[in-house]
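A short worksheet on the structure shown next.
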Amino acid sequence: MLDSRALLLLARIVLTFVFWGSGLSKLIDFQGGMAEMSHFGLEPAWLFNVLTIVVQIGGSLLIIFNRAAWLGAGALAVFTVLTIPIAHPFWQLQGETAKHEMLVVFEHVTVIGGLIVAAILGHRLARR
């Protein structure tokens, strides 16, 4: 199974699900995506929503189809890092809310690690 191309494709789809799912959601409900951007103080909201959609869906597709997977993984990793101070500033919060946001940040760091692995694996596969 570990040599299965199908399993590798499934792994790339699952790894990027959080990004392409979010990007599609923002594309389908553009007004909702803009509301989310405004909620976090990102203006003009339409521009940040478009940029988010492009990064989330574009980066995911690069990884899924292993075409410049390093670029897709890098873009999604930078995007994920940027969401931490914007959407999850646990150090500015108190109590259970701070704890919850800190755990979300830990999950973000884990996803970044997975993206690094995807970039390395994509690079090795492209050299074959």
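What you see is a predicted model; the values in this text were computed from it and never measured.
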*Between Arg67 (side chain) and Leu62 (backbone), is there a donor-acceptor pair under 3.5 Å?*
no

*Can Leu103 be reached from Ile84 by stepping across I, L, V, M, F, W or Y side chains whose heavy atoms are under 4.5 Å apart?*
yes

*For the student: nearest non-hydrogen atoms of Phe40 and Ile86, plus distance*: CD2-O, 3.6 Å

_Is it the case that over 12 heavy atoms from other parts of the model lie below 6.0 angstrom from the CZ atom of Phe17?_
no

*How many angstroms lie between atom CD of Glu43 and atom CZ of Phe48, to the nearest 0.5 angstrom?*
8.5 Å

*asked:* Donor-acceptor check, side chain of Thr16 to backbone of Arg12, threshold 3.5 angstrom: yes or no?
replied: yes

*asked:* How long is the straight-line distance from CG of Asn66 back to CZ of Arg124, given to the nearest 0.5 Å?
replied: 13.0 Å

*Gap separating the NE2 atom of His123 from the CD1 atom of Ile120, nearest 0.5 angstrom*: 9.5 Å

*Does Leu7 offer a backbone N or O that forms a donor-acceptor pair with the side chain of Ser4 under 3.5 Å?*
yes

*Go through the side-chain N and O atoms of His88 and Thr83 and say whether any donor and acceptor fall under 3.5 Å apart.*
no

_Grouping I, L, V, M, F, W and Y whenever their side-chain heavy atoms are under 4.5 Å apart, do Leu24 and Leu61 come out in a common cluster?_
yes

_To the closest 0.5 Å, what do you measure between CG (Leu27) and OG (Ser22)?_
11.0 Å

*Between Val55 and Ile57, is there a shared hydrophobic cluster once you connect ILVMFWY residues whose side-chain heavy atoms come closer than 4.5 Å?*
no

_Count I, L, V, M, F, W, Y as connected when their side-chain heavy atoms are under 4.5 Å apart, and connections chain through other members. Are Val54 and Trp20 then in the same cluster?_
yes

*Which atom names give the shortest non-hydrogen contact between Ala69 and Ala118, and what distance separates them?*
CB-O, 4.4 Å

*asked:* So which atom in Phe30 and which in Trp46 form the shortest heavy-atom distance, rounded to 0.1 Å?
replied: CZ-O, 3.9 Å

_Working note: Leu8 + Leu125, criterion side-chain contact (heavy atoms from CB on, under 4.5 Å); need CA distance, chi angles, decisive distance, verdict._
CA-CA 11 Å; Leu8 182 56; Leu125 290 172; 3.2 Å; yes

*Given side-chain contact (heavy atoms from CB on, under 4.5 Å), test Met34 with Gln31 step by step and report yes or no.*
CA-CA 5 Å; Met34 287 189 355; Gln31 293 299 319; 3.7 Å; yes

*Output yes when a side-chain donor or acceptor of Thr80 lies under 3.5 Å from a complementary backbone atom of Leu76, and no otherwise.*
yes

_Approximate separation, where rounding is to 0.5 Å, of Leu15 CG and Ile64 CD1_ = 9.0 Å

*Backbone of Phe90 reached by a side-chain donor or acceptor of Glu101 within 3.5 Å*: no

*Hey, what do you get for CG (Leu42) to CD (Glu36), rounding to the nearest 0.5 Å?*
9.0 Å

*asked:* I need the minimum non-hydrogen distance between Trp70 and Ala119, along with the two atoms involved.
replied: CA-CB, 3.9 Å

_Leu9 vs Arg5 side-chain heavy atoms within contact, under 4.5 Å_ = no

*Should Phe65 and Ile53 be regarded as members of a common hydrophobic cluster, given that ILVMFWY residues are connected when their side-chain heavy atoms come within less than 4.5 Å of each other, either directly or indirectly?*
yes

